[in-house]
Structure formats: C-alpha cells, structure tokens
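FYI, side chains are in, hydrogens and waters are out, and symmetry mates aren't considered; it's all heavy atoms of this structure.
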Amino acid sequence: MRFLWQKKQTAALAPTEPPPAADGQAAAQEEDQPAQLSDLDIKMLHKLAVTYENTVEYLNLRQNPLRMTWVNFLAGVAKGLGFAFGFTVLAFLALYILKSLSILNLPLIGDFISDLLLYIEDVRRIG
C-alpha cells in the first residue's frame, strides 16, 4: 500500500537502494529529512481532512435526534418557501406572456387567451 507522501518505487518487487554517499554523515542526513509533499498530495490531504470533518459532524448530528429533527424541519421550510416563490415567479411570467400575446390579436390563440385572462380577473374580484 502506498501513501500519498511516499514516492513510487521503480522496481516491481524490491525497492532500489540509493547510491552510496561519499560521506557517511551526508547519507544519515538524507534519511532524517522527511519527504517533500507535492501540491497534489497537499490537495488530497486537505480533501481527506474536510471529508473527515463532515463525517464527524454527521455522526454528531445522528446522535442528537432533537437537533436532527430541527435541521430537517428548517430544510423543509426552506424548500417549501423556495417552491412557492419559484411558482409565483413562473406564474407571473406566464401571465405576462399571455397578456402580451393577447395584445397581438392572434386569430385562435388571442380569443382563448382573452377568455382565460377574463376568467382570472373574475376569480380575483371574487376572492
């Protein structure tokens, strides 16, 4: 198994030995230095840390049913408000387009649209 900070080995079964150093002390210094992480390794470690934090937060949420219920309730309210707002905007745009089409006096569509708009205005007056 290879970790992110370990370099790939060139040989398939056995690692190659580094060439002998001229000075024994220089070889000891090289072994004491940690391997340098590449930018990709750092990004992967950061992604792993974020995933771990999210997992811990989720497990804490699962252990507290009251908090989980509250979070789900707020999510449901937000979804409901978003649905209502989005539907209102789409209905407004549809009515605006229908009203502009009725002004064009298209033969078949114009009569249908004008009847539909009259019906909507009657319903508004009643309600």
Side-chain angles (χ1 to χ4, degrees):
M1 176 182 230
R2 184 177 75 85
F3 293 102
L4 296 174
W5 58 85
Q6 293 176 332
K7 299 199 179 210
K8 288 184 179 178
Q9 297 175 351
T10 55
L13 298 176
T16 59
E17 293 185 17
D23 188 354
Q25 191 176 25
Q29 286 178 351
E30 286 180 10
E31 291 176 4
D32 291 341
Q33 293 179 352
Q36 295 292 325
L37 296 176
S38 68
D39 289 338
L40 179 63
D41 292 338
I42 292 172
K43 287 179 185 176
M44 293 295 288
L45 284 172
H46 179 69
K47 186 176 179 181
L48 181 66
V50 168
T51 303
Y52 176 74
E53 288 175 5
N54 290 341
T55 304
V56 169
E57 184 177 337
Y58 175 72
L59 290 175
N60 288 337
L61 183 66
R62 291 284 304 205
Q63 291 176 354
N64 189 351
L66 184 62
R67 183 167 180 253
M68 187 172 185
T69 303
W70 178 249
V71 168
N72 285 332
F73 172 74
L74 289 178
V77 168
K79 288 176 187 177
L81 290 175
F83 177 77
F85 180 74
F87 183 75
T88 303
V89 169
L90 288 176
F92 169 76
L93 289 174
L95 289 176
Y96 181 77
I97 291 171
L98 287 175
K99 201 173 247 188
S100 64
L101 285 177
S102 68
I103 292 173
L104 295 176
N105 290 331
L106 298 174
L108 295 174
I109 299 173
D111 294 334
F112 172 73
I113 292 172
S114 64
D115 291 340
L116 182 65
L117 290 176
L118 288 174
Y119 175 75
I120 291 173
E121 288 177 9
D122 289 341
V123 170
R124 266 200 229 160
R125 278 188 234 138
I126 294 172

Can you list the steps and then say if Met68 with Asn64 is a side chain to side chain contact (heavy atoms under 4.5 Å, CB included)?
CA-CA 6 Å; Met68 187 172 185; Asn64 189 351; over 6 Å; no
Can [Y] be reached from [X] by stepping across I, L, V, M, F, W or Y side chains whose heavy atoms are under 4.5 Å apart?
| X | Y | result |
| --- | --- | --- |
| Phe73 | Leu66 | no |
| Phe87 | Phe92 | no |
| Tyr58 | Val71 | no |

So CD of Glu53 and CG of Leu48: to nearest 0.5 Å the spacing works out to 10.5 Å
Interatomic distance, CZ@Arg125 vs CD1@Ile120, rounded to 0.5 Å, equals 12.0 Å
Leu61 side chain near Glu57 side chain, heavy-atom distance below 4.5 Å
no
Heavy-atom side-chain proximity of Lys99 to Leu95 below 4.5 angstrom:
no
Cut-off 3.5 Å, side chains only: do Thr51 and Asn54 have a donor facing an acceptor?
no
Starting from Tyr52, walk the hydrophobic network (Ile, Leu, Val, Met, Phe, Trp, Tyr; side-chain heavy atoms closer than 4.5 Å) and list everyone else you reach, by chain and number.
Val56
Sequence neighbours excluded, the answer for side-chain contact (heavy atoms from CB on, under 4.5 Å) partners of Thr88 is none
